[in-house]
Amino acid sequence: DLQTKATTVAGQRETQFKGESLRGLLLTSYGFSIFGEKAALAATVSLLAGLVLLLASIAGLIHFLMTPKDKIVLAPHDSRTPTMA
């Protein structure tokens, strides 16, 4: 009778131990999956911001190349062109 009770208690202890371990592992995995989702969102936002900045740089370069030399406001000082007051 005592051996049967000991076996039953040992089985319950093993079940409880495995259940708590599994619960902890699942919660840890869930927590890191949330970090992964936030990192993916941050990567997407950073990529979009980089693309916007790239397009702005290209537009600025095109604007610079298409602007006539006499219309440039902050041109380097040249003795042949009048200086702005």
Side-chain angles (χ1 to χ4, degrees):
D1 186 44
L2 192 57
Q3 182 61 36
T4 306
K5 287 182 182 180
T7 305
T8 304
V9 170
Q12 289 174 349
R13 183 176 56 85
E14 281 296 312
T15 302
Q16 180 70 20
F17 175 72
K18 289 178 183 176
E20 287 295 317
S21 295
L22 178 61
R23 179 178 175 268
L25 292 172
L26 289 173
L27 285 174
T28 301
S29 299
Y30 172 74
F32 280 109
S33 74
I34 296 299
F35 286 142
E37 289 174 5
K38 301 293 183 189
L41 180 62
T44 302
V45 169
S46 297
L47 178 65
L48 291 175
L51 289 174
V52 167
L53 291 174
L54 177 66
L55 290 174
S57 298
I58 291 171
L61 181 63
I62 291 171
H63 175 71
F64 171 74
L65 294 175
M66 296 184 72
T67 304
K69 299 289 183 195
D70 60 339
K71 298 291 182 185
I72 297 177
V73 175
L74 297 175
H77 187 296
D78 187 2
S79 60
R80 293 175 286 163
T81 59
T83 59
M84 296 181 62

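At distances below 3.5 Å, not a single donor-acceptor pair connects side-chain atoms of Ser46 with backbone N or O atoms of Ala43.
With a 6.0 Å radius and a threshold of 12 heavy atoms from other residues, nucleotides or ligands, Glu20 has its CD atom above the threshold.
Annotation: the span from Ile62 atom CD1 to Leu65 atom CG amounts to 8.0 Å, rounded to 0.5 Å. The OG1 atom of Thr44 sits 7.0 Å away from atom CG of Leu48, with the distance rounded to the nearest 0.5 Å.
Hydrophobic cluster membership differs between Phe35 and Leu27, with clusters built from Ile, Leu, Val, Met, Phe, Trp and Tyr side chains linked at under 4.5 angstrom. Residues Leu26 and Ile34 do not share a hydrophobic cluster, clusters being chains of Ile/Leu/Val/Met/Phe/Trp/Tyr side chains in contact below 4.5 Å.
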